[in-house]
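The structure appears below as structure tokens.
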2 protein chains.
Amino acid sequence: MRDLDDTDRHILRLLVDDARRPYSDIADHVDLSAPAVSDRIDRLRELGVVRGFTVDVDRSLLNTGVPVLVELDVPVDRAGEVATALGELDAVEHTFETADGAVVVQATVRDGDVTGLLAEAIDLEQVRDVDVRLLRGSEWSPSLGDATLALTCAECGNHVTSEGESARLDDKLYHFCCGTCLANFEDRFERLQSGA
Amino acid sequence: MRDLDDTDRHILRLLVDDARRPYSDIADHVDLSAPAVSDRIDRLRELGVVRGFTVDVDRSLLNTGVPVLVELDVPVDRAGEVATALGELDAVEHTFETADGAVVVQATVRDGDVTGLLAEAIDLEQVRDVDVRLLRGSEWSPSLGDATLALTCAECGNHVTSEGESARLDDKLYHFCCGTCLANFEDRFERLQSGA
DNA sequence: ATTGAAATCGGCCTAGC
DNA sequence: GCTAGGCCGATTTCAAT
């Protein structure tokens, strides 16, 4: 379990800037060979740090409706599921879940019927209050800073340090803080597998 | 001035899904040749609809600080510049400017000193109120719907229809609702050029 | 059709037991 | 001294223009 190093961050920054940049180009910047860059990007994907590559679309040039910022006040224990459900809506682009149980989403509505939109995804009964505001503009400026890995042990929930270990089970990568947690997890996993 | 057609939208959707997908692969999906796909993507870049290609990073796995959602209440006529100034900060990832003059930003702070961060970019005197909330999570789920072009005439501000025209001036592409607007704009542009 | 980029593979080097 | 991980260079296959 190696943490991210400066080279990883540099590669990430270059990709944030232009994800279609050739590996050979990246290689020049970080003073490595193209295959080495490819390996590192593979590893970042494996780790889940890189979820994928997308296109940055200027939605203000597209006629998809009116952009709004919607804030919902829901019971704290429901905030998670509400946020997830709303995120699945096509019209919703960003969802934020605050620690005190508010859910803020940025969406684009065709006809101004925000509550109708919300009702498609969630039960409005559990919403105590809704605040809708028209957006004049929005910007996205991704950056990275000096990020390091912040993985959570799949067994005990503790922070995974460089002493941690990882294992691939059923094609998914899990991280653990120590060998004991890994072993315990694998045990339970196997039992579930054979049971199912 | 052709509007977006189904093929353009299909290409965009495929790119949203995976921006490193080979053009030949896209070509198969939309029943075109790879060079034709390349041409279309070039055009989408020209139009400004695609701003670029990026990587989708899972920031929840990265230790960059504490994510917060900050709302500022500022005079309506200052909202624009405040939003822009804050957007330039490294720690700020999203900025939203609402029609009623509120500015909402999503940022990541190292030490919890949000006002210190804000002070780096803007004059706190003009801020009437600040509301800071801790974020438990955030999601980004890009989608497209049935988008069509919504360009604004650079001269008169009207909507540009398929009858509109475009022109490249000083390496930037401008759109106009009609030939008259184009001519007027070009005139002013030339005068500014020679004056400067 | 030409140019160029990505994946793959064998071998090398280094670090850590 | 052995193993594991990371990197390189060459090659081949495939993509971009």
Side-chain angles (χ1 to χ4, degrees), chain A residues 1-57 147-149 151 160-169 171-183 186, chain B residues 2 7-8 10-47 49-57 61-62 168 171 173:
Chain A
M1 270 307 308
R2 221 198 50 220
D3 203 332
L4 301 189
D5 61 13
D6 285 341
T7 305
D8 290 316
R9 281 185 285 270
H10 198 164
I11 291 174
L12 279 175
R13 246 175 262 118
L14 291 167
L15 286 177
V16 165
D17 201 55
D18 176 9
R20 284 193 79 103
R21 198 190 294 266
Y23 291 175
S24 52
D25 191 299
I26 300 175
D28 289 347
H29 275 86
V30 302
D31 235 11
L32 282 174
S33 71
V37 170
S38 172
D39 285 352
R40 290 180 99 117
I41 295 179
D42 283 351
R43 176 168 169 271
L44 291 168
R45 292 197 80 134
E46 285 273 321
L47 282 171
V49 170
V50 166
R51 270 196 290 237
F53 302 98
T54 33
V55 61
D56 178 12
V57 172
T148 56
L149 276 181
L151 302 174
V160 176
T161 68
S162 50
E163 272 81 58
E165 303 179 29
S166 302
R168 174 169 306 284
L169 299 167
D171 229 36
K172 199 176 166 322
L173 194 66
Y174 297 89
H175 307 283
F176 306 93
C177 62
C178 60
T180 315
C181 275
L182 197 170
E186 267 183 330
Chain B
R2 219 197 51 224
T7 305
D8 291 316
H10 198 163
I11 291 174
L12 279 174
R13 244 175 263 118
L14 290 167
L15 286 175
V16 164
D17 202 55
D18 176 9
R20 283 194 80 104
R21 195 189 296 265
Y23 290 177
S24 54
D25 190 299
I26 300 177
D28 289 348
H29 275 86
V30 301
D31 233 15
L32 246 51
S33 70
V37 170
S38 171
D39 287 351
R40 283 191 181 239
I41 295 178
D42 284 351
R43 175 169 169 270
L44 291 169
R45 290 198 82 134
E46 284 273 319
L47 282 170
V49 170
V50 358
R51 273 194 287 237
F53 302 99
T54 30
V55 61
D56 180 12
V57 172
L61 297 183
L62 297 179
R168 172 168 307 284
D171 230 38
L173 194 66

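Per chain, numbering begins at 1; letters A, B, ... match sequence-line order.
- In this structure, the side chains of B:F53 and B:R45 come closer than 4.5 Å at one or more pairs of heavy atoms.
- The shortest side-chain heavy-atom distance between A:S166 and A:M1 falls under the 4.5 Å cut-off.
- Using a 4.5 Å heavy-atom threshold, the side chains of B:L61 and A:L47 count as separate.
- Looking at heavy-atom distances under 4.0 Å, B:R21 makes no contact with the nucleic acid at all.
- In this structure, B:L44 and B:L15 have side chains that are not in contact, with every pair of non-hydrogen atoms separated by 4.5 Å or more.
- Between A:V37 and B:P22, the residue anchored closer to the 5' end of DNA chain D is A:V37, taking for each the nucleotide with the nearest heavy atom.
- Between the A:D56 side chain and the B:G52 main chain, no donor and acceptor come within less than 3.5 Å of each other.
- Rounded to whole Å, atom C1' of C:dC12 lies 15 Å from atom CG of A:D39.
- Side chains of A:D25 and A:D18 form no contact here, defined as non-hydrogen atoms less than 4.5 Å apart.
- For DNA chain D, the outermost nucleotides in 5' to 3' order that have an atom under 4.0 Å from a heavy atom of chain B are D:dA15 to D:dT17.
- When rounded to the nearest whole Å, the span between CG of B:D18 and P of C:dA6 equals 13 Å.
- In this structure, A:D42 atom CG and C:dA6 atom P are separated by 12 Å, rounded to whole Å.
- Among the protein residues, A:R20 comes within range of the sugar-phosphate backbone only, with heavy atoms under 4.0 Å from sugar or phosphate atoms but none that close to a base.
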